[in-house]
Amino acid sequence: MQKLKDAKLYRNELISVNGKLVERYNKCLEKLGFSKTALTSFSIDGLGWSPEIAEEKNEQFYLNNGEANTHAIIITPLQKDLPIYNPFHSFDKELMKIVFKKHADFIKDITRDAAICLDFDQKIDVFYEPLDVLKYKDIVIKFHLTNNLNKAKENQLKLIHTFNLDNNFIDENIHKQLLASAKKYGDLRERNLILEEINYTTDSFYTKAFGGIFVLKDFVKPILIFQEKETYNQAINDTVQDVLMYHISHDELIDRLLSYDVIEADLEEELHQKKYDRIKKYTLSKYLISPTHPVKDILQNDILFKSYLNKIDISARKKVMGLELFLQKKQVSKTIKAKDILAKDLFVALHKPHSSLKPNHQDLIWYLLVNISPKDILFLYWYDKEQFYSTFKTLENSTQDWVIETILNNF
């Protein structure tokens, strides 16, 4: 991972937490029902999630109280617009964007001396079965302050009101209470400490609950796409819900997505796109055995690319140049179908979200496509960084160099 860190492609936008901020973060953890971290310094993303604490607790989603109850922590206004590196839902980034848009000034004020615990309440206490994810609809974002600072302000204002009544200004007991409150919390009279709850309505989304489920709501009929076979087998026994269900590996899934205008592909156009060029090069790299040239050079030099293409066996060659071969055959026979000729992973990788979809839905479908067929290393980095990091570790050294340069050249 050091190569990715040096290239600023590995969690490079985390912010450091130490000193007093650690104490406030721990107070939030305890308020949310979690154990404190023993770390004296760590880093966090826009959601307040820390890779170091996740490693310490051996739990990637340590901010969840079960799969149905997710949380976030804000300890600094600098978290605004930070990436979310380990989202549990595809809409987590949107939730945090809304929070900072509505409450940016309040957050700046509150985090001077407190932390904010966020509860994403979708009125579901616990999941019992996979189809419970269909209950996701309205989410209420609730805010809780460490040290109960908002309640301290209420008490302080009451004390001031009492102090101003009659001859209470000479009451030493009220003097002591006011001084004690001011000493502990400071002057809270003009502080913005009340964060109104925010309502958010979900549409189509992805959740990592039950091993990962894509919930596509806004089409002819709701579609559920499961990443875990066991979860899918459990879900199909439910005959109550009127939904379509597929495992992510099902061949008929792509046909359904095409018929519902969820995805589309113009294969003749794709032939000339940079995306297909990346797919070809990445595919060839998988078939190179003890090359005499660095893989990066082979993939970047047309002469070397052709040379090594002719060195691999014919079946591998057909997989590398699959689209060209299909289009050649189509000129001879117009009735030939791409899915009958192209390897399944290539066929899927050449698709894209339908142009009629909203931007957030297009992002969701890109995430689905790179999970079905992670053939384009750039899009894999853009849409599923965790899978990209796992894949990157397995690559040969020079191939890693090519991947890094490919990503950097496309920012």
Side-chain angles (χ1 to χ4, degrees), residues 28-35 45-49 54 57 59-74 84-99 102-103 116-145 195-219 221-248 360-361 363-364 367-368 371 386:
C28 255
L29 287 176
E30 289 184 304
K31 199 172 187 73
L32 292 170
F34 308 120
S35 59
D45 67 2
L47 197 72
W49 175 83
K57 293 178 178 290
E59 172 54 64
Q60 283 299 301
F61 299 103
Y62 68 90
L63 288 177
N64 288 15
N65 271 313
E67 293 188 327
N69 299 282
T70 60
H71 305 283
I73 295 175
I74 298 176
I84 295 174
Y85 286 108
N86 193 39
F88 195 75
H89 306 104
S90 57
F91 50 72
D92 286 351
K93 184 177 180 181
E94 183 65 21
L95 293 181
M96 295 307 293
K97 190 180 291 184
I98 292 169
V99 166
K102 183 175 178 64
H103 291 315
I116 307 168
C117 316
L118 283 69
D119 175 22
F120 302 127
D121 184 6
Q122 70 275 26
K123 307 302 180 186
I124 306 171
D125 293 330
V126 65
F127 286 142
Y128 293 100
E129 54 191 34
L131 295 194
D132 284 347
V133 299
L134 290 170
K135 296 176 183 176
Y136 269 103
K137 186 180 179 184
D138 296 317
I139 297 174
V140 181
I141 308 174
K142 299 179 178 179
F143 304 90
H144 309 276
L145 309 189
L195 296 170
E196 290 183 4
E197 294 179 352
I198 298 174
N199 294 302
Y200 176 83
T201 301
T202 65
D203 43 23
S204 297
F205 65 92
Y206 169 79
T207 175
K208 289 184 177 173
F210 296 102
I213 305 174
F214 292 86
V215 182
L216 308 185
K217 293 182 178 179
D218 308 292
F219 301 98
K221 188 180 286 190
I223 306 173
L224 296 185
I225 304 165
F226 299 87
Q227 288 183 293
E228 292 289 336
K229 194 76 174 178
E230 185 179 343
T231 308
Y232 168 75
N233 290 335
Q234 180 185 348
I236 57 174
N237 292 320
D238 188 317
T239 57
V240 177
Q241 300 284 353
D242 185 23
V243 296
L244 298 172
M245 290 182 272
Y246 298 92
H247 183 258
I248 199 168
N360 63 316
H361 287 172
D363 286 342
L364 177 64
Y367 184 61
L368 171 62
N371 270 271
E386 291 307 312

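Remember, predicted model here, so these are calculated numbers, not experimental data.
- Distance alone, capped at 3.5 Å, is enough to place a donor-acceptor pair between the Ser204 side chain and the Lys217 backbone.
- Checking side-chain atoms of Asp92 against main-chain N and O of Pro87 turns up no donor-acceptor pair under 3.5 Å.
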Worksheet item: Between Val99 and Phe143, does a side chain to side chain contact (heavy atoms under 4.5 Å, CB included) hold up when you go through it step by step?
Response: CA-CA 10 Å; Val99 166; Phe143 304 90; 3.9 Å; yes
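- Applying the ring-ring contact (aromatic ring centres under 6.0 Å, His included) test between His89 and each of Tyr200, Tyr136, Tyr206 identifies Tyr136 as the sole match.
- Contact record, Thr202 with Phe91: CG2-CE2, 3.8 Å, taken as the closest heavy-atom pair.
- Closest approach of Ala209 to Phe88, counting heavy atoms only: N-CZ, 3.5 Å.
- The side chain to side chain contact (heavy atoms under 4.5 Å, CB included) search around Lys97 returns Glu94, not counting sequence neighbours.
- Residues satisfying the side chain to side chain donor-acceptor pair (under 3.5 Å) criterion with Tyr367, sequence neighbours excluded, are absent altogether.
- In this view, Asp203 and Lys358 satisfy the salt bridge (Lys or Arg N to Asp or Glu O under 4.0 Å) rule, not counting sequence neighbours.
- Atoms CG and CD1, on Leu95 and Ile139 in that order, are 5.5 Å from each other to the nearest 0.5 Å.
- The shortest side-chain heavy-atom distance between Tyr62 and Leu29 falls under the 4.5 Å cut-off.
- With sequence neighbours excluded, the residues satisfying side chain to side chain contact (heavy atoms under 4.5 Å, CB included) with Glu228 are Thr231.
- The distance from atom CD1 of Ile223 to atom CG of Leu368, rounded to the nearest 0.5 Å, is 9.5 Å.
- To the nearest 0.5 Å, the span separating CD1 on Ile141 from CD1 on Ile98 amounts to 6.0 Å.
- Atom CE of Met245 and atom CD of Gln234 lie 11.0 Å apart (nearest 0.5 Å).
- Residues forming a salt bridge (Lys or Arg N to Asp or Glu O under 4.0 Å) with Glu59 (at least two apart in sequence, or on another chain): none.
- Val243 and Leu224 get closest at one heavy-atom pair: CG2-CD1, 4.4 Å.
- In this structure Phe219 satisfies the ring-ring contact (aromatic ring centres under 6.0 Å, His included) test with no other residue, sequence neighbours excluded.
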Mind listing the side-chain donor-acceptor pairs of residues 125-134 below 3.5 Å, one per line with the distance, residues two or more places apart or on another chain?
unit_1: Asp132; atom_1: OD1; unit_2: Lys135; atom_2: NZ; d: 3.4
unit_1: Asp132; atom_1: OD2; unit_2: Tyr128; atom_2: N; d: 2.6
unit_1: Asp132; atom_1: OD2; unit_2: Glu129; atom_2: N; d: 3.1

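- Partners of His361 by ring-ring contact (aromatic ring centres under 6.0 Å, His included), not counting sequence neighbours: none found.
- Listed for the Glu386 side chain is no donor-acceptor partner under 3.5 Å among the backbone atoms of Asn86.
- Considering all non-hydrogen atoms of both residues, Leu145 and Lys31 come closest at O-CE, 3.3 Å.
- Glu230 is linked by a side chain to side chain contact (heavy atoms under 4.5 Å, CB included) to nothing, counting only residues two or more places apart in sequence or in another chain.
- Taking the salt bridge (Lys or Arg N to Asp or Glu O under 4.0 Å) definition, one finds that Lys137 meets it with nothing, sequence neighbours left out.
- Taking the side chain as every heavy atom from C-beta outward, Glu67 and Thr207 never approach each other to under 4.5 Å.
- Gly46 and Met96 make their closest contact through O-CE, 3.4 Å (heavy atoms, listed as atom of the first residue, atom of the second, distance).
- For Asp119, the side chain to side chain contact (heavy atoms under 4.5 Å, CB included) criterion is met by His71, Asp121, Lys142, His144, not counting sequence neighbours.
- You'll find the side chain of Ile73 reaches within 4.5 Å of the side chain of Leu32, heavy atoms only.
- Under a cut-off of 6.0 angstrom, the local environment of CD in Glu196 is sparse, with at most 12 non-hydrogen atoms contributed by other residues, nucleotides or ligands.
- The shortest distance between side-chain heavy atoms of Leu216 and Leu244 does not fall below 4.5 Å.
- With values rounded to the nearest 0.5 angstrom, Leu195 atom CG is found 8.0 Å from Ile74 atom CD1.
- Evaluation of the salt bridge (Lys or Arg N to Asp or Glu O under 4.0 Å) rule for Lys57 yields no partner, not counting sequence neighbours.
- At least one side-chain heavy atom of Asn65 sits less than 4.5 Å from a side-chain heavy atom of Phe34.
- Summarising the geometry, atom CH2 belonging to Trp49 is positioned 9.5 Å from atom CG belonging to Leu63; distances are rounded to the nearest 0.5 Å.
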